[in-house]
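Okay, so here's the structure we're looking at.
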Amino acid sequence: MKGYRKGLVSTLLTLGLLTMAACGRPPAVGGGTGEGAHGGHEAHGQAAAGSAAGAPAGAAGGQRLRIAIGHGLDYVGVDPLGPGRENTLLATIIYEPLLLETADGKLEPALAERWESDPTGTHWTFHLRRGVTFHDGTPFDARAVVRAYERHLRDPEKARRLGEPRVEIVDDYTVSFHLNRPHAPFLSVVGSFSTVIPGPNAYGSDGNLVKPVGTGPFQVTRFTREHVLLARYEKHWRQVPALEEVEVKYIPDPATMILALEAGEVDVIGADGYGVPRNEIRRLEADPRFRVLVNTKDAALEWIGFNLHRPPFDDLRVRQAFNYAVDREAITRQVLEGYAVPARGPIGYDASIPWTNTAIEGYRHHPERARALLEEAGWKDTDGDGIRERDGRPLRATLLFEPTRDWKLVAEALRTQLRQVGMDLRLEMRDGALIRDLQKKGDFEAAAQGSIGKSLVDPYYYLVWYYSSRGRGSLLHDPGLDGLIARSLSTLDPGERERLYHEIQARIMEILPGAYLYHPARVTVVRADVEGWESAGTMDPLRFLWKVSRRGGR
């Protein structure tokens, strides 16, 4: 990745003039060095000169928006083909996929105007939108799609997610995908940020992406480790965005982000799900300069995964006791200030979240039942210290969690609640990559989990990731569950597929590999004159930026 970034920035600096000139935009990136960009210093060309004077390049009289993110990373990436969360944030505003997931979990045409499948679900045909151009002026056509998918399919994980298809050109504006077997999630992957289409000139001679050239509504004009500057693409096929310029800044500290908002240095915070302290939201709601947008209808879920192969969670009764000991209502009300919904199961809390098995009632706070289950499992407090023992060993477990604001407070609340039933929950804050590595090795007892890949349109990747034996973050190995998940992947009938998903959720709740805690609300704070903001709950939260405008044309 470092090599790519150095190449990317270098290319931006040396070829930016040519790129922007070719597509009719003002030259925005010029001069400078890759070293300067990686070192946190901006590249200075004609655009940089405008910015230094306090007016962004090309923004005279146009609408401008500054978005602060606290993405938990030291910079934002613009390589849609690269691994890591940093490469998802801007994916669908610089580039576009064939289809695009809407805010309510449906798929709508994007670079493909329409599509169809044969009855077997193994042959898919996409009819491409005509008259679309990449940011460098290159026409979009079937060759660009095949080139992009050849690159996508070099990644074994992405190839599996797509059903390992073969892609071919039918004519200049038609492509076909041939799968060896039906793969129900195929369309949802084609419509995600992970399969966007870069332009033919975005690749280097080695096939890797070296320039951020897409068809999206915004194009990159400057890129440093602290921020990305984007200009609207005047020839976008959908509509020319009202925003002429967008700046995405990285501000990791939540308090600094709030200060930047109140000082007028940024216009939007919280879009990426980080960075808005819960205890500040009420105050911002009362400030007429801002609007607080709260979205609870997305697929986000915070939960704890247990190691089912190590005491004490190798005993179902202990896992059940843990779940009964947790007061989810208190956590969402007191710790999360009401900006969350208590979880019931592994998908959603009611029918507003697609695919939810609403028959699952989950675990309500019942400490007496938790104590009874622990007694039945042989855990008793024999020395009167409030912690149960069995065979001379205390009922103790370590919870691993990432250093995010919510998890630290939630973990402390859980420790208090578990203590009330006689369990000693020790807390260890660790880097996310380390937690995943420990979990993969089975060297953990309990670990905070997120909702990787759990989109509204289809949560299949999340189910495979955590609950299938072949999942990269698998918590269990259950042949019955493996069979259900495999059948759901090959079943094309939506009704039958939903029935299978409900069965999968019921089976997960029988095995109980975790404690499902809450669905966090996505809170975005925008300046009061920002209109048209639409929350996207996935990993590309700026997806609907093309709809945004500033009242009064600011």
Side-chain angles (χ1 to χ4, degrees), residues 301-336 340-346 361-430 435 438-439 442-450 466 475-476 508-509 511-520:
L301 169 66
E302 301 291 350
W303 58 290
I304 291 171
F306 301 133
N307 186 340
L308 276 57
H309 306 287
R310 175 183 290 190
F313 297 117
D314 57 345
D315 189 325
L316 174 62
R317 292 167 296 187
V318 176
R319 304 197 294 272
Q320 291 172 323
F322 189 109
N323 272 278
Y324 279 123
V326 174
D327 188 344
R328 294 165 178 77
E329 295 283 348
I331 289 173
T332 55
R333 186 178 61 254
Q334 298 170 5
V335 178
L336 303 173
V341 178
R344 293 186 173 187
E361 297 182 354
Y363 283 78
R364 295 188 179 277
H365 185 218
H366 201 317
E368 284 304 319
R369 191 167 295 176
R371 295 185 188 102
L373 282 163
L374 293 175
E375 290 282 337
E376 182 183 327
W379 294 97
K380 305 177 187 300
D381 181 9
T382 57
D383 58 10
D385 67 350
I387 300 299
R388 298 171 182 272
E389 298 88 23
R390 190 178 68 182
D391 301 328
R393 302 185 64 177
L395 180 55
R396 177 173 294 152
T398 298
L399 172 63
L400 305 174
F401 62 96
E402 290 188 57
T404 60
R405 180 185 59 259
D406 283 351
W407 262 115
K408 184 174 186 302
L409 296 174
V410 169
E412 289 171 349
L414 289 173
R415 179 171 57 187
T416 300
Q417 292 173 1
L418 268 295
R419 179 85 183 200
Q420 292 171 358
V421 302
M423 176 180 280
D424 180 21
L425 189 67
R426 295 186 168 181
L427 309 182
E428 284 191 14
M429 193 161 59
R430 299 290 187 182
I435 293 175
L438 292 172
Q439 189 169 308
D443 189 14
F444 78 108
E445 290 159 351
Q449 309 287 331
Y466 288 117
L475 291 167
L476 49 83
I508 290 172
M509 293 304 289
I511 300 172
L512 206 60
Y516 303 98
L517 300 179
Y518 60 91
H519 301 267

Pairwise distance [atom1]([X]) to [atom2]([Y]) - rounded to 0.5 angstrom:
X: Leu414; Y: Leu409; atom1: CG; atom2: CG; answer: 11.0 Å
X: Glu445; Y: Leu400; atom1: CD; atom2: CG; answer: 8.5 Å
X: Gln320; Y: Glu376; atom1: CD; atom2: CD; answer: 8.5 Å
X: Leu475; Y: Ile511; atom1: CG; atom2: CD1; answer: 11.0 Å
X: Arg369; Y: Arg364; atom1: CZ; atom2: CZ; answer: 11.5 Å
X: Phe444; Y: Ile435; atom1: CZ; atom2: CD1; answer: 10.5 Å

Would you mind reporting whether [Y] and [X] have side-chain heavy atoms less than 4.5 Å apart?
X: Glu412; Y: Val335; result: no
X: Gln334; Y: Asp327; result: no
X: Arg396; Y: Arg426; result: yes
X: Leu512; Y: Tyr363; result: yes
X: Tyr516; Y: Met509; result: yes
X: Pro513; Y: Tyr466; result: no
X: Gln439; Y: Gln449; result: yes

Is it true that Glu361 and Arg344 make a salt bridge, defined as a side-chain N closer than 4.0 Å to a carboxylate O?
no
Is any side-chain N of the basic residue among Arg371 and Glu375 closer than 4.0 Å to the acidic one's carboxylate O?
no
Evaluate side-chain contact (heavy atoms from CB on, under 4.5 Å) for Asp424 paired with Leu395, printing each intermediate quantity in order.
CA-CA 6 Å; Asp424 180 21; Leu395 180 55; over 6 Å; no
Which residue, Glu302, Arg430, Met429, forms the side chain to side chain contact (heavy atoms under 4.5 Å, CB included) with Phe401?
Met429
Out of Asp406, Val326, Val341, which one pairs with Tyr518 under the side chain to side chain contact (heavy atoms under 4.5 Å, CB included) rule?
Asp406
Between [X] and [Y], which heavy-atom pair has the shortest distance, and what is it?
X: Asn307; Y: Gly442; value: ND2-O, 2.9 Å
X: Leu301; Y: Pro346; value: CD2-O, 3.5 Å
X: Arg317; Y: Ala377; value: CZ-CA, 3.7 Å

Does any donor atom in the side chain of Arg328 or Asn323 lie under 3.5 Å from an acceptor atom in the other side chain?
yes
Could you tell me if Glu389 and Thr382 have a donor-acceptor pair between their side chains, going purely by distance under 3.5 Å?
yes
Is a donor on one side and an acceptor on the other found under 3.5 Å between the side chain of [X] and the backbone of [Y]?
X: Asp381; Y: Gly386; value: yes
X: Trp303; Y: Ala448; value: no
X: Arg415; Y: Leu425; value: no

Any idea how Phe322 and Phe313 line up, ring-wise: parallel (<30°), tilted (30 to 60°), or perpendicular (>60°)?
perpendicular
Is it the case that more than 12 heavy atoms not belonging to Arg310 sit under 6.0 Å from its CZ atom?
yes
